[in-house]
> 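My questions will all concern the structure given below.
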Amino acid sequence: MQGTKRRIIPFILALAAITGLLMTTAFAEGEAEYVSSFFAQPLSLLPPVLAIALALITKEVYTSLFLGCLVGGFLYANFNPVMAVTSVYDMIAAKVGDNMGIVVFLVSLGFIVVLMNRSGGSKAYGDWAKKVIKTRRGALLATMILAIVLGVDDYFNNLTTGNVMRPVTDGHQISRAKLAYMIDSTAAPVCIMMPISSWAAAVSGVAEQVGVSGLQLFISAIPWNYYAVLTIFTLIILAVFDIDFGPMKVHEDNAKRGDIYTTPERPYADADDESKNSTNGKVIDLIIPVVVLIVSCVSGLLYTGGFFTPDSGTYLNVMDAFANCTAATGLMYGSFIVVIFCFLYFLILRRSMSFVQVTDCIAEGFKVMVPAILILTFAWTISGVTNDLLGANVFVEQAMESSAESLANFLPAVIFVVACGLGFATGTSWGTFGILIPIVVSVFGTDAGTILTVGLGACLGGAVMGDHCSPISDTTILASTGAQCYHINHVNTQIPYAVTVAAVAFVNHILAGLIQNVIINFVIALASMFAVLMIIRAVTSKKSAPVASK
């Protein structure tokens, strides 16, 4: 206790001194016209970089993100403490309001997951799947296949695939970190290559704003999106050849010994009380709600895109509807349908649960999703502070345009690196390609041919890579949630894999800028990735990873 007091008193004194200094600055400004000195400056990237560094060092996600937001607020307010705090909390309110559809979807999905657990459906499915899927390799490949099938939206993909496959991977002693990596590294790469998806709609919409055919450009850039292609290829090779390296190898070695978490931090270990679960569940108690969830969420996306409502007497086709959809709202509508269905299914059709038991799952489902909602709230806020208040996107755009003309055919590789850095710092791949696509199109020109699609592929792949590595990425957070994995464990174990694929992709983007032959470059990319993975396998097979203590 004495030691604690000795540490707290200097901290309070220092905080008081800093507050006094900041208040002096605030009064000195008086009523002068406010102008942020850090808008579109290099320090505009400090808040997310600081938050990410603190999260990785301290393993305390919530505090790190909030401190990053607060630092951004002080930079925006030119160190006026009152304005700094109010601007941060105003941004929190705005971002939560803008993304309330995702929050509602998360809570609804939490309810559905707890309901399937309490009904015994998850256990029944897990027991059945363990009989059908007999190997760890099969469990990993089945996870990837399901994520590919659900490739219309990454939020929906991460949460649904994780919750469906978690009993299977647990049964085959696959770590939660590996499950999170599998779903995260399948969801976004598949979505960024799927013509019928919310991601394709977003890319097409940005591209069309600068005068090109968005969907056509998106499709032509798919074989040049080396990070996405090589990530899917890597998942297959890792599963087939049982390759693990870096922190992931420690997690997997421990999982084979019965510990699927490895670290003391395991916030989802008690997410469901097994003593409350029914032993009379059937496989259909999981399959049917999941099928209804898929159908209703896809229908919700199409509804918000205008598929079911005629425009001037003409109905939109599926492609145009996805291009016009609002993902958060569509998923919210879809989750409402499946919640109503689950009530009717378990109360009336199956009669396996009472009304009180079903309603108890609502509160439990909300509790399960609280960590994800809290992290997402701060992640959305720090993104808003960085881009909306400090103009980091403007800074990157100016820096990119000033150096573009002198880089010629090496520009795709440079675009890839810039997209990686921007995606990592801001935690958003959508925001990253929203900033960079207009720059790519303007630099190369709409009639540039192959090199334009190479550049776009590099931009999209880099955005996904930065998003994969960033602790403040919403999709990374949702992958942790879907796998029920401690978030920092997921980030730490995924980064070495993502960086390895990114290094190979970077080299191949240089070659693509020089050769510009889609088939030759594609073959070189796959061959080089396979060679790197085999080298890693040869090196790691000679080492035995230590077992981390609980």
> Enter the distance from Thr161:OG1 to Leu146:CG here, rounded to the nearest 0.5 Å.
4.0 Å
> Going by heavy atoms in the side chains, are Thr377 and Lys95 under 4.5 Å from each other?
no
> Look at the side chain of Ser470 and the backbone N and O of Gly466, then say whether any donor-acceptor pair between them is shorter than 3.5 Å.
no
> Set out, in order, the CA-CA distance, both residues' side-chain angles and the distance that settles side-chain contact (heavy atoms from CB on, under 4.5 Å) for Thr262 and Asn489, then state yes or no.
CA-CA 9 Å; Thr262 291; Asn489 285 349; 5.7 Å; no
> Kindly compute the distance separating CG (Leu115) from CE (Met353), expressed to the nearest 0.5 Å.
5.0 Å
> Check whether any side-chain heavy atom of Val229 sits under 4.5 Å from a side-chain heavy atom of Phe522, and report yes or no.
yes
> Decide yes or no on side-chain contact (heavy atoms from CB on, under 4.5 Å) for Val491 and Cys469, but give the supporting numbers first.
CA-CA 6 Å; Val491 174; Cys469 294; over 6 Å; no
> Measuring from atom NE2 of His172 to atom CE of Met165, what distance do you get when rounded to the nearest 0.5 angstrom?
8.5 Å
> Can you find a side-chain donor-acceptor pair between Thr475 and Asp184 that sits under 3.5 Å?
no
> With a cut-off of 6.0 Å (strictly less than), are more than 12 heavy atoms of other residues, nucleotides or ligands near NZ of Lys282?
no
> Under a 3.5 Å cutoff, is there a donor and acceptor pairing between the side chains of His251 and Ser175?
no
> Check whether Asp259 reaches the backbone of Ala255 with its side chain - one donor and one acceptor, N or O, closer than 3.5 Å.
no
> Do Leu533 and Arg537 touch side chain to side chain, with heavy atoms closer than 4.5 Å?
no
> Side chain of Gln173, backbone of Arg257: donor and acceptor closer than 3.5 Å?
no
> Using 0.5 Å steps for rounding, measure from the CE atom of Met91 to the OG1 atom of Thr386.
9.0 Å
> Taking the six-membered ring for Trp, are the ring centroids of Phe343 and Phe111 within less than 6.0 Å of each other?
yes
> Where is the tightest heavy-atom contact between Ala483 and Ile183, given as atom of each residue plus distance?
N-CD1, 4.0 Å
> Main chain of Ser354, side chain of Gln357: is a donor-acceptor contact present, judged purely on distance under 3.5 Å?
yes
> What are the two closest non-hydrogen atoms of Val190 and Ile148, and how far apart are they?
CG2-CG1, 3.7 Å
> So Tyr226 and Trp224, would you call those rings parallel, tilted or perpendicular, with 30° and 60° as cut-offs?
perpendicular
> Got His509 and Val417 here, is their nearest side-chain heavy-atom distance under 4.5 Å?
no
> Identify the heavy atoms of Ile284 and Pro289 that sit nearest to each other, and give their distance.
O-CD, 3.5 Å
> For residues Ala425 and Ile472, report the shortest heavy-atom separation together with the two atoms involved.
O-CD1, 3.4 Å
> Would you compute the distance between atom CG of Leu45 and atom CG of Leu422 and round it to the nearest 0.5 angstrom?
7.5 Å
> Please list, one pair per line, the donor and acceptor atoms closer than 3.5 Å that link side chains of residues 230-248 to other protein atoms, with sequence neighbours excluded.
from, atom 1, to, atom 2, distance (Å)
Thr231, OG1, Tyr227, O, 2.6
Thr234, OG1, Leu230, O, 2.6
Asp244, OD1, Lys178, NZ, 2.9
Asp244, OD1, Tyr497, OH, 3.0

> Look up atom CG in Leu50 and atom OG in Ser64, then write down how far apart they are to the nearest 0.5 Å.
8.0 Å
> Please determine whether side-chain contact (heavy atoms from CB on, under 4.5 Å) holds for the pair Met144 and Leu140, giving the CA-CA distance in whole Å, both sets of side-chain angles, and the decisive distance to 0.1 Å.
CA-CA 6 Å; Met144 187 184 72; Leu140 291 172; over 6 Å; no
> Heavy atoms only: give me the nearest Thr381-Val88 pair and the separation to one decimal.
CG2-O, 4.0 Å
> Using a 3.5 Å distance criterion without hydrogens, assess whether the side chain of Arg351 forms a donor-acceptor pair with backbone atoms of Phe346.
no
> Just by distance, do the side chain of Ser185 and the backbone of Met182 share a donor-acceptor pair under 3.5 Å?
no
> Taking salt bridge (Lys or Arg N to Asp or Glu O under 4.0 Å) as the test, write out the residues that go with Asp285, two or more places apart.
Arg350
> Near Phe341 CZ, under 6.0 Å, is it more than 12 heavy atoms from other residues, nucleotides or ligands?
yes
> With side chains defined as the heavy atoms from C-beta onward, is the minimum distance between Ile373 and Val107 less than 4.5 Å?
yes
> Of all residues at least two apart in sequence or in a different chain, which pass the ring-ring contact (aromatic ring centres under 6.0 Å, His included) check with Phe66?
Phe378
> Check whether the side chains of Thr476 and Ser473 place a donor and an acceptor atom closer than 3.5 Å, and report yes or no.
yes
> Do Ser108 and Met332 touch side chain to side chain, with heavy atoms closer than 4.5 Å?
no
> State, with a plain yes or no, whether a side-chain heavy atom of Ile488 is found less than 4.5 Å away from one of Tyr486.
yes
> Is a side-chain donor or acceptor of Arg176 paired with a backbone partner of Ile260 at a separation under 3.5 angstrom?
no
> Taking NZ, NE, NH1 and NH2 as the nitrogens, is one of them in Asp360 or Arg118 under 4.0 Å from a carboxylate oxygen of the other?
no
> Evaluate the side-chain contact (heavy atoms from CB on, under 4.5 Å) criterion for residues Phe336 and Ser296: first the C-alpha distance (whole Å), next the side-chain angles of each, then the deciding distance (0.1 Å), finally the verdict.
CA-CA 9 Å; Phe336 170 75; Ser296 61; over 6 Å; no
> Is any side-chain N of the basic residue among Glu252 and Lys249 closer than 4.0 Å to the acidic one's carboxylate O?
no
> Closest heavy-atom contact between Phe424 and Pro471?
CE1-CD, 4.4 Å
